[in-house]
Amino acid sequence: MFQGLQFEPVSLPDHAEALRSEVREFIERELPPDYLRNSDFNTGVSAEFSQKLGAKGWIGMTWPKEYGGHGRSFLERYVVTEELLAAGAPVFAHWIADRQSGAQLLKFGTEQQRQTYLPRIARGECYFSIGMSEPDSGSDLASIRTSATRVEGGWLVNGSKIWSSGAHQNHFMITLVRTEPPSANRHAGMSQFMIDLKSPNITIQGIKNLSGESDFNQVFFDDVFVPDEMVIGEPGNGWEQVVSELGYERSGPERFLSAFRVMVEFVREVGDNPTEAQVALIGRLTAHLITLRRMSVSVAAMLESGKTPVTEAALIKELGNSYERMVPELIRQLVPGRTSLRFRQTLEECILHAPSFTLRGGTREILRGVIARGLGLR
Ligand SMILES: Cc1cc2nc3c(=O)[nH]c(=O)nc-3n(C[C@H](O)[C@H](O)[C@H](O)COP(=O)(O)OP(=O)(O)OC[C@H]3O[C@@H](n4cnc5c(N)ncnc54)[C@H](O)[C@@H]3O)c2cc1C
């Protein structure tokens, strides 16, 4: 039944805001003065930087201390993530593990999995990929064909995953597989396995994106053995588990800040003498940004109280991704006559990455479907 969308107004508490200057000082100290990178979480990778963040206690912030976490609130985590993104810090190595894989292990993993992997993730030493999409199954995730068959002590996995971000440099992939053949209930018979990406019989092939970088991959599994202790949750419960991670995956500031650096550089570029059109654009983009941020902070508070705000998260992602695609497009049309190399590099890189913003993590059309269902319209 339709419960209504909930976006309670939430202010970041003082103890969360107090972290902001600490994070800014850390960034200023750790990144070179001429550092320039877009605010896209998916690009910069630095194990060294991730480990320094781990040492500060800024990975696994909300997890219990007994698993290497820091028992802090989602609102404190929010401040840390938005500052790192705004600076374009190289966070991708640990990003998925911190954002959703760790939360999955905490919620569905065995005690042994939690004790073994969560502290390593929190130290910034252990990185995860998401293994959902397949060559013929993206939006329609329930149609996956990668399968696992029972063998002594575990499972044999066969099939292929695609667009697997960071699989070439990460340690594990939480992989959605069919452990039973498809049936009338399309969501039944799936399971999540934690697969060691260095296992025998795995082939990882890079795929080039528009800008010529190879940050995602196709991963082939050819009789890959996965021991029972690497199954996450109950076999057959995969769909429910995947759905539960979407609240984490879709609602954070990375869903509307990817083009933030372009905006900052644009403001710097137009300086003290902006045209009327430039002023109007900066005002419009800022107003959108503030609204999206308020919605996203509100969802962080829902996560804090243990809710699963799937519809609200989908709405933030849909609006946020549309926004971050619009930013470089509108700014491009009002570029001043002479621009700095710094500004051009930022804008050009963002333009090449922007088409992916509305694909990764679920396309706009799919999100609109989720929102419509959440509103009771379908
Ligand atoms: C940069 C990037 C990183 C990614 N990283 C990962 C990753 O790490 N792990 C992972 O598992 N996946 C990853 N993905 C994959 C991403 O989740 C999929 O691309 C996405 O789910 C869409 O699937 P698809 O590409 O197969 O497109 P399709 O599902 O084939 O869709 C094609 C088009 O049809 C539309 N469409 C499909 N079904 C419907 C429908 N029912 N109603 C209306 N329109 C529809 C879609 O909106 C889209 O426009 C990544 C993608 C990108 C771009």
Side-chain angles (χ1 to χ4, degrees), residues 38-45 91-101 104 127-146 157 159-178 186-187 190 192-195 197 202 204-221 232 238-239 241-243 245-246 248-250 252 254-255 258-259 313-314 317-318 320-322 324-325 349-373 377-378:
N38 266 297
S39 305
D40 185 344
F41 72 99
N42 216 4
T43 52
V45 174
V91 290
F92 193 57
H94 68 272
W95 195 262
I96 304 288
D98 179 43
R99 178 183 70 190
Q100 67 195 83
S101 317
Q104 286 291 87
Y127 314 136
F128 278 63
S129 284
I130 301 168
M132 296 189 196
S133 308
E134 296 186 5
D136 296 313
S137 305
S139 303
D140 185 14
L141 193 56
S143 68
I144 58 157
R145 285 179 299 179
T146 295
V157 175
S160 173
K161 293 289 171 182
I162 198 165
W163 317 123
S164 318
S165 300
H168 55 301
Q169 56 215 2
N170 292 344
H171 302 99
F172 295 98
M173 172 189 270
I174 295 194
T175 314
L176 186 68
V177 298
R178 278 222 152 270
R186 298 182 75 232
H187 299 155
M190 284 184 257
Q192 282 190 310
F193 289 180
M194 188 172 146
I195 299 186
L197 287 165
I202 293 185
I204 301 177
Q205 273 178 11
I207 304 172
K208 281 206 167 84
N209 64 23
L210 262 186
S211 62
E213 299 146 11
S214 194
D215 50 12
F216 47 25
N217 306 271
Q218 183 162 4
V219 181
F220 299 89
F221 304 93
I232 300 176
W239 186 261
Q241 293 174 199
V242 161
V243 170
E245 63 187 285
L246 297 178
Y248 299 97
E249 185 177 354
R250 292 179 169 167
E254 69 268 40
R255 297 306 180 187
S258 307
K317 185 176 182 304
E318 203 284 330
N321 292 166
S322 299
E324 56 185 16
R325 279 197 68 162
E349 189 195 49
C350 188
I351 286 172
L352 290 176
H353 282 265
S356 74
F357 299 165
T358 47
L359 296 174
R360 60 188 186 189
T363 67
R364 274 200 285 221
E365 292 73 19
I366 294 307
L367 293 164
R368 286 173 191 175
V370 172
I371 296 161
R373 198 175 307 114
L377 300 172
R378 63 187 281 247

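Atoms within a ligand are numbered from 1 in the order they appear, just like the ligands themselves. Since this is a predicted model, take the numbers as computed values, not measurements.
A side-chain donor-acceptor contact under 3.5 Å links S160 and Q218.
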Could you pull out every N or O of ligand 1 that sits under 3.5 Å from a protein N or O, with the distance for each pair?
residue	atom	partner	partner atom	Å
ligand 1	5 (N)	W163	O	2.8
ligand 1	5 (N)	S165	OG	2.8
ligand 1	8 (O)	W163	O	3.3
ligand 1	8 (O)	S165	N	2.9
ligand 1	8 (O)	S165	OG	3.3
ligand 1	9 (N)	I130	O	2.8
ligand 1	11 (O)	M132	N	3.0
ligand 1	11 (O)	S133	N	2.7
ligand 1	11 (O)	S133	OG	3.2
ligand 1	12 (N)	S133	OG	2.8
ligand 1	23 (O)	S139	N	3.4
ligand 1	29 (O)	S139	N	2.9
ligand 1	29 (O)	S139	OG	2.6
ligand 1	47 (O)	T363	OG1	2.6
ligand 1	47 (O)	E365	OE1	2.6

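Atom CD of E213 is separated from atom NE2 of H353 by 4.0 Å, given to the nearest 0.5 angstrom.
Geometric assessment of R99 against the ring of F41 yields a positive cation-pi assignment under the 6.0 Å and 45° thresholds.
Salt-bridge annotation for E134 and R145: absent, with no side-chain N of the basic residue lying under 4.0 Å from a carboxylate O of the acidic one.
Not counting sequence neighbours, the partners of F172 by the ring pair (Phe, Tyr, Trp, His ring centres under 6.0 Å) test are Y117, F128.
A distance-only check finds a donor-acceptor pair linking the side chain of K161 to the backbone of L176 [under 3.5 Å].
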